[in-house]
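Got a structure here, written out as C-alpha cells. Questions coming.
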Amino acid sequence: MKIKALKGFKDIVPGEVELWQYLERVAREVFDRFHFREIRMPILEETELFARSIGEATDIVEKEMYTFVDKKITMRPEATASLLRAYIEHGLYVQKPVQKLFTIGPMFRHERPQKGRLRQFHQMDIEVLGSENARVDTELMAMGAMLFDELGLTVSLELNSLGCPECRPGYRAMLLEYIEARHDLLCSDCKRRSTTNPLRVLDCKVPSCREQILDAPSILDHLCGQCEDHFQQVQSGLEQLGVKYQLNKFMVRGLDYYCRTTFEFITTDLGSQAAVAAGGRYDGLIETLGGPKNSPGIGFAMGMERLVLLLQQLDQSVVEADTVDLYIAGIGDQGARVGFGLAHEIRAEKFSVAMDHEGRSLKSQMKQAHKTGARFVLIIGDAELESGKGILRNMGTEEDQQDVLLSAQSITECLLKK
RNA sequence: GUGGGCGUGGCUCAGUUGGUUAGAGCACCUGGUUGUGACCCAGGAGGUCGGGGGUUCAAGUCCCCUCGCUCACCCCA
C-alpha cells in the first residue's frame, strides 16, 4: 500500500516550485516598496484565538478548523488572528503607532478540495495596524493592484463598505425585514441564511434569489455620517491614484470581524474560485483580542494557489529555464576524480557547476549537459590529464577551446569572458 | 456534508460486439566503432489495467461494493 499525500494536501515539485518562488519574489519586492515588514508566526495557536476573532458562528470555526480538541489548539485557518496576537503580545504598537506588516505561509481548513481550494493552502497576508485613515485603505488596495499588474494578471477590484457598529444594526434590521417579506421565494440555502447571516443572502448565486435582492436596501445608502465620509475618501483616493474599481453593494465577508471598507480582487479565469485576494477593515478586533483600545486595522490576504494557477495560464514563461554555468565531463576514473575537485573549487568561486558520478560515456554526459542547460562543458580525459589542459566547449556556439589549464582560476576566467 | 465526471507504465492517452504473451507518443537508459550535445535509427527498462467480490470456458473490457482523483454546491483566499 503506497502512502500518498493527504486529501487536499499537495506537494510543490521542481518545475512547479519556480513559479511560486517567482510569485513570492515579485510580491516581496512590491511589499518592500510600500515599506511593509515581514513577520512570521507559528502555525498552531490556541483555539480560542480564532473563535474570538473569526466568529463562533462562521463555517470556518464551526466545522473547518483542524483542532487538537484535547489540547485546545488549532492549526491557523487564516493569518490575521495570529498576526494580531503577535502584534499585541510583543507590544509592537508601543514601538511604532502604525505598523505595516506582511506574512507568507500555509493555512489549514478542512473543506472539500476543488480547483483553487486546498486543505493546506498558502496566503500572503498584508496588514496595517493602528491607523483608520482612509489613505491606508486606498494604499493597500493600490498596492494589491500594482502587484497583480506587475505579475501580468487581469483581476478587477470590487469595493464595498460594511458600515460600523453605529450604522450596521439599523441596516441589518431593514434588510431582514425585506428578506422576510420574500422568504418563500428564496432558495433553501437563503432561507437558512436569513436567520444565520442575512447579509449573505445578498451574494447568493441562485438566479431567482438574485432577482429577489435586486431592490434590496443597500448598506451604502444607510451608512452613518462618519462611515459615509470615510468611504468617500477611500474612493476619491483610488481615483487619485488611478486604481480602477467597481462598487459592489452586495459584497459581504465571511469573517465576523470586518467593518467599513471591504474589497475583493476578482478573476473570471478560475471557475468558481473568483476571489484571488480579499480583505477589509476590522477596527474593533485588536481591542477584542486584548490589545489597546480604539486600535483600528485593515488587511487582506491573497490566495497563492489561485495566483499560481493564473500565472500558469499566462503563455509567456516568467520563469527562467533550468541552467548551470558549467558541466564537467570526466572520462575515466582519473578524469572524474580531477573534475570532482575542480567542480568544488569553481563552486566556491560562485559559479554553478553540474557533473554526474555515474561513470557514463562522454556522449551520455554531453547529453546530460545539454539537458541541464549548461553554458559550458569542460572535458577531462586521459589526454587532458597528461597535458594539464582541458577542452572547454561553448554549448551555444559549439566552439571548443583546447588549451584551458585545469585550474579553477583559469576556468573561471574563461567562464567570465563569455 | 451533497451531487456529477474520471480512474490502464513517470506524463498524455489507445484498447474494437469480453477472447491468445496489455499497446502508442513523450520522458528515461544503452548503443549507432576507437573521447562530444539537435534530429534520426536500433535496442532496453518500466504496468498485480485503483482495490475487492461476482458473472463467464475466458474481463482492462459486463454487474456490485469500496478507495482515490477531479469539478461543482456550500464556504472561502
Side-chain angles (χ1 to χ4, degrees), chain A residues 1-2 4-8 10 13 15 54 57-65 77-80 104-126 144 155 187-190 192-193 196-197 200 203-206 251-255 263-267 270-280 299-310 327 329-332 335 356 358 360-385 390-400:
Chain A
M1 194 51 188
K2 258 192 269 185
K4 307 203 304 185
L6 294 169
K7 182 198 282 281
K10 282 244 186 317
V13 296
I54 299 170
T58 59
D59 278 17
I60 295 176
V61 172
E62 242 172 32
K63 51 193 187 197
E64 294 174 359
M65 295 204 303
E78 57 116 30
T80 304
I104 300 176
M107 310 293 156
F108 305 84
R109 272 136 71 166
H110 188 98
E111 302 178 88
R112 197 75 167 261
Q114 66 189 68
K115 187 172 190 168
R117 194 177 83 182
L118 296 174
R119 289 181 173 180
Q120 176 178 331
F121 59 104
H122 298 78
Q123 289 188 337
M124 299 193 285
D125 191 69
I126 325 292
V155 298
C187 71
S188 55
D189 279 326
C190 281
R192 174 175 55 77
R193 282 191 274 249
T196 57
N197 189 350
R200 289 232 80 97
D203 73 347
C204 182
K205 296 180 193 93
V206 177
M251 186 175 73
V252 295
R253 309 266 62 231
L255 288 65
F263 57 96
E264 291 184 355
F265 286 94
I266 306 285
T267 176
L270 280 184
S272 67
Q273 262 58 248
V276 294
F300 76 104
M302 299 179 254
M304 295 180 75
E305 277 77 7
R306 295 176 186 181
L307 292 174
V308 167
L309 283 171
L310 290 179
Y327 184 100
I331 308 161
D356 80 47
E358 314 311 314
R360 299 176 200 259
S361 67
L362 178 59
K363 172 174 181 164
S364 178
Q365 291 190 72
M366 290 304 293
K367 283 185 182 173
Q368 294 297 325
H370 182 82
K371 271 187 303 203
T372 309
R375 291 167 49 227
F376 289 91
V377 175
L378 178 69
I379 299 170
I380 309 174
D382 291 342
E384 288 71 30
L385 289 171
I391 300 172
L392 189 66
R393 159 160 284 213
N394 183 321
M395 295 296 274
T397 63
E398 299 187 23
E399 286 169 332
D400 285 353

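Letters go in sequence order (proteins before strands), and every chain restarts at 1. Bear in mind the structure is a predicted one, so any value in this text is a computation, not a measurement. Hydrogens, waters and symmetry mates are skipped; everything else that's a heavy atom, side chains included, is used.
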Check: A/Leu118 and A/Glu305 side chains under 4.5 Å, non-hydrogen atoms
yes
Between B/C74 and B/G3, how many Å separate the two P atoms, rounded to a whole number?
16 Å
Between atom CE of A/Met124 and atom CE of A/Met304, what is the distance when rounded to the nearest 0.5 Å?
5.0 Å
Rounding to an integer number of angstrom, what distance separates B/A77 and B/G60 when you compare their P atoms?
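Comparing P positions in B/A77 and B/G60 gives a spacing of 48 Å.
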Do A/Arg117 and B/C74 have a side chain to base donor-acceptor pair shorter than 3.5 Å?
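In this structure, the two groups form a donor-acceptor pair.
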Rounded to whole angstrom units, what separation is found between the CD atom of A/Gln368 and the P atom of B/A27?
13 Å
Suppose we screen for salt bridge (Lys or Arg N to Asp or Glu O under 4.0 Å). Which residues come up paired with A/Lys367, at least two apart in sequence or across chains?
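In terms of salt bridge (Lys or Arg N to Asp or Glu O under 4.0 Å), with neighbours along the sequence ignored, A/Lys367 is linked to no residue.
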Checking all strands, does A/Ala277 fall into the base, sugar-phosphate, or nothing category for heavy-atom contacts under 4.0 angstrom?
sugar-phosphate
Residue A/Lys115, side-chain heavy atoms: nucleotide from B/A77, B/A72, B/C29 that is nearest
B/A72
Can you measure A/Gln120 atom CD to B/A77 atom P for me and round it to whole angstrom units?
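From A/Gln120 CD to B/A77 P: 17 Å.
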Over how many whole Å does the gap from A/Ile60 atom CD1 to B/C74 atom P extend?
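Rounded to the whole Å, the gap is 16 Å.
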Would you indicate, yes or no, if B/G68 has its OP1 or OP2 atom less than 4.0 angstrom from a side-chain nitrogen or oxygen of A/Lys4?
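The answer is no; no side-chain N or O of A/Lys4 sits under 4.0 Å from OP1 or OP2.
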A/Phe300 CZ - B/A77 P separation (whole Å):
13 Å
Partner set under side chain to side chain contact (heavy atoms under 4.5 Å, CB included) for A/Leu392, not counting sequence neighbours:
A/Leu326, A/Phe376, A/Leu378, A/Gln401, A/Val404, A/Cys414
Using the side chain to side chain contact (heavy atoms under 4.5 Å, CB included) rule, take A/Leu6 and A/Arg119 through it: C-alpha gap first, then chi angles, then the decisive distance, then the call.
CA-CA 9 Å; A/Leu6 294 169; A/Arg119 289 181 173 180; over 6 Å; no
State, to 0.1 Å, how close A/Ala275 and A/Ile266 come at their nearest heavy-atom pair, and which atoms those are.
CA-CD1, 4.3 Å
When the C1' atoms of B/G46 and B/C11 are considered, how many whole Å apart are they?
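Each nucleotide's C1' atom is 13 Å from the other's.
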List for me each residue that meets salt bridge (Lys or Arg N to Asp or Glu O under 4.0 Å) alongside A/Arg360, sequence neighbours excluded, and say none if there are none.
A/Asp356
Roughly how far, to the nearest 0.5 Å, is the NZ atom of A/Lys63 from the OG1 atom of A/Thr58?
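Going from the OG1 atom of A/Thr58 to the NZ atom of A/Lys63 covers 10.0 Å.
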Would you measure the distance from the P atom in B/C40 across to the matching atom in B/G54 and give it in whole Å?
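So the two P atoms sit 49 Å from each other.
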So, do A/Met302 and A/Ile126 sit near enough that their side-chain heavy atoms are less than 4.5 Å apart?
yes
For nucleotides B/G7 and B/G44, find the distance between their P atoms and express it as a whole number of Å.
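Here B/G7 and B/G44 have their P atoms 30 Å from each other.
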Mind checking the P distance from B/G51 to B/C69? Whole angstroms is fine.
16 Å
Looking for any heavy atom pair under 4.0 Å, which part of the strands does A/Gly116 touch: base, sugar-phosphate only, or nothing?
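Since a base atom lies under 4.0 Å of A/Gly116, the category is base.
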Figure out the CG/P separation between A/Leu6 and B/C67, and round it to whole Å.
16 Å
Tell me which residues in residues 301-310 of chain A lie within less than 4.0 Å of RNA chain B, going by non-hydrogen atoms.
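Within this stretch, A/Ala301, A/Gly303, A/Arg306 sit under 4.0 Å of the strand.
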Side-chain atoms of A/Gln123 come closest, of B/A72, B/A77, B/U30, to B/A77
Can you give the donor-acceptor pairs under 3.5 Å from side chains of residues 108-116 of chain A to other protein atoms, not counting sequence neighbours?
{"from": "A/Arg109", "atom 1": "NH1", "to": "A/Pro77", "atom 2": "O", "distance (Å)": "2.6"}
{"from": "A/His110", "atom 1": "ND1", "to": "A/Tyr66", "atom 2": "OH", "distance (Å)": "3.4"}
{"from": "A/Gln114", "atom 1": "NE2", "to": "A/Ser272", "atom 2": "OG", "distance (Å)": "3.0"}

Between C1' of B/C75 and NZ of A/Lys63, the distance in whole Å:
7 Å
Return the residues of residues 105-114 of chain A meeting this criterion: a heavy atom under 4.0 Å from some atom of RNA chain B. Order them by number, or give none.
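Hits under 4.0 Å, by residue number: A/Arg109, A/Glu111, A/Arg112, A/Gln114.
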Side-chain heavy-atom pair A/Met107, A/His122 within 4.5 angstrom cut-off
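When only atoms from C-beta onward are counted, A/His122 and A/Met107 do not touch, as no gap falls below 4.5 Å.
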Please test A/Glu78 against A/Ile54 for side chain to side chain contact (heavy atoms under 4.5 Å, CB included), starting from the C-alpha separation and ending with a verdict.
CA-CA 9 Å; A/Glu78 57 116 30; A/Ile54 299 170; 3.6 Å; yes
Using atom P of each nucleotide, how far apart are B/G37 and B/C28 to the nearest Å?
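Each nucleotide's P atom is 15 Å from the other's.
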Could you pick out which residue, A/Gly8 or A/Asp59, lies toward the 5' side of RNA chain B when each is mapped onto its nearest nucleotide?
A/Gly8
Within the 4.5 Å heavy-atom criterion, are A/Ile60 and A/Met65 side-chain neighbours or not?
yes
Please step through side chain to side chain contact (heavy atoms under 4.5 Å, CB included) for the pair A/Lys371 and A/Met366, ending with a clear verdict.
CA-CA 9 Å; A/Lys371 271 187 303 203; A/Met366 290 304 293; over 6 Å; no
Residues forming a salt bridge (Lys or Arg N to Asp or Glu O under 4.0 Å) with A/Arg393, sequence neighbours excluded:
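Once residues adjacent in sequence are excluded, the partners of A/Arg393 under the salt bridge (Lys or Arg N to Asp or Glu O under 4.0 Å) criterion are A/Asp400.
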A/Ile331: which residues meet the side chain to side chain contact (heavy atoms under 4.5 Å, CB included) condition with it, sequence neighbours left out?
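Only A/Leu362, A/Ile379 meet the side chain to side chain contact (heavy atoms under 4.5 Å, CB included) criterion with A/Ile331.
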Please state the C1' separation for the pair B/G18 and B/C62 - nearest whole angstrom.
8 Å
Sorted by chain and number, sequence neighbours left out, salt bridge (Lys or Arg N to Asp or Glu O under 4.0 Å) with A/Arg200 holds for A/Asp203
Just the rounded figure in Å: distance from P of B/A77 to CD of A/Glu78.
8 Å
Would you sketch RNA chain B in dot-bracket for me? Only Watson-Crick or G-U wobble pairs with both distances under 3.5 Å count, crossing pairs as [ ], other-strand pairs as |, the rest as dots.
(((((((..((((.....[...)))).(((((.......))))).....(((((..]....))))))))))))....
Going 5' to 3' through nucleotides 35-49 of chain B and flagging B where a protein heavy-atom sits under 4.0 Å of the base, S where only the sugar-phosphate is that close, and - otherwise, we get BBB------------
Atom CZ of A/Arg360 to atom C1' of B/G31: distance rounded to whole Å?
14 Å
Phosphate contact (B/C76 OP1 or OP2) by A/Arg200 side-chain N/O below 4.0 Å:
yes
Applying a 4.0 Å non-hydrogen cut-off, can you work out what A/Glu64 is touching in the nucleic acid: base, sugar-phosphate, or nothing?
sugar-phosphate
Could you grab the distance from atom NE2 of A/His370 to atom OH of A/Tyr327, nearest 0.5 Å is fine?
13.0 Å
Identify the pairs formed between an N or O of the protein and an N or O of nucleotides 7-13 of chain B at a distance under 3.5 Å, and give each distance.
none

Reported CD-to-CD distance for the pair A/Gln368 and A/Gln365, which is rounded to 0.5 angstrom
8.5 Å
Do any side-chain nitrogens or oxygens of A/Ser364 fall under 4.0 Å of OP1 or OP2 in B/C29?
no
